Amino acid sequence: MKKNIAILHFASLPNIGGVEILIDEHAKLLVNLGHQVTVIAGNGASTSPDYNVKVIPQLQSIINTNAELQNNIFEGKFDQSYVDCVQVMLDILQKDLTEFDTLIIHNMLSVSRNLA
């Protein structure tokens, strides 16, 4: 059965890194299996005609957008700015992920670049 699949990560191609290349290959593999794929990332751009890329800037590493918040999180300070950031993320993801059958979160839960 054909599925509408989203792959989430902090960044996608043309950012060059092992993970971004792996996500590109993963997306192409799923497309070759007949699925519709969208890579959802904090930064990047469409580089392949095989799958869609949706950029949601709030998904990128917090250090790129709010270094003070990132430092506070690393120090264990979860203040109102963190709570606000989490709420923004929830609102965005609840709105933008409803169309997908399957969601693959690529190492965002095990890497501390954006704990929100």
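Quick caveat: nothing in here was measured; it's all calculated off a predicted structure.
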Without hydrogens or angle criteria, can the side chains of Gln80 and Asp84 be said to hold a donor-acceptor pair below 3.5 Å?
yes
Within the side chain of His9, is there an N or O that forms a donor-acceptor pair under 3.5 Å with the backbone of His106?
yes
Within the side chain of Gln60, is there an N or O that forms a donor-acceptor pair under 3.5 Å with the backbone of Pro57?
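Such a contact is found between Gln60 side chain and Pro57 backbone.
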Does a side-chain heavy-atom distance below 4.5 Å link [X] with [Y]?
X	Y	result
Leu59	Ile92	no
Leu30	Tyr51	no
Phe78	Val83	no
Asp101	His35	no
Ile40	Asp96	no
His26	Ile104	yes
Asp24	Ser48	yes

Are [Y] and [X] linked, directly or through intermediate hydrophobic residues, by side-chain heavy-atom contacts shorter than 4.5 Å (ILVMFWY only)?
X	Y	result
Val55	Leu93	no
Val19	Val39	yes
Tyr82	Leu90	yes
Val88	Ile105	yes

Which pair of non-hydrogen atoms, one from [X] and one from [Y], has the smallest distance, and what is that distance?
X	Y	result
Val53	Ser12	CG1-OG, 3.8 Å
Ile5	Phe100	C-CD2, 3.7 Å
Ala41	Ala11	CB-C, 3.6 Å
Met89	Gln58	SD-O, 3.3 Å

[atom2] on [Y] to [atom1] on [X], rounded to 0.5 Å:
X	Y	atom1	atom2	answer
Thr38	Leu8	OG1	CG	10.5 Å
Ile73	Cys85	CD1	SG	6.5 Å
Glu20	Leu13	CD	CG	7.0 Å
Ile21	Asn15	CD1	CG	10.5 Å

Using the side-chain contact (heavy atoms from CB on, under 4.5 Å) definition, which of the options Ile7, Asn52, Asp50 pairs with Val37?
Ile7
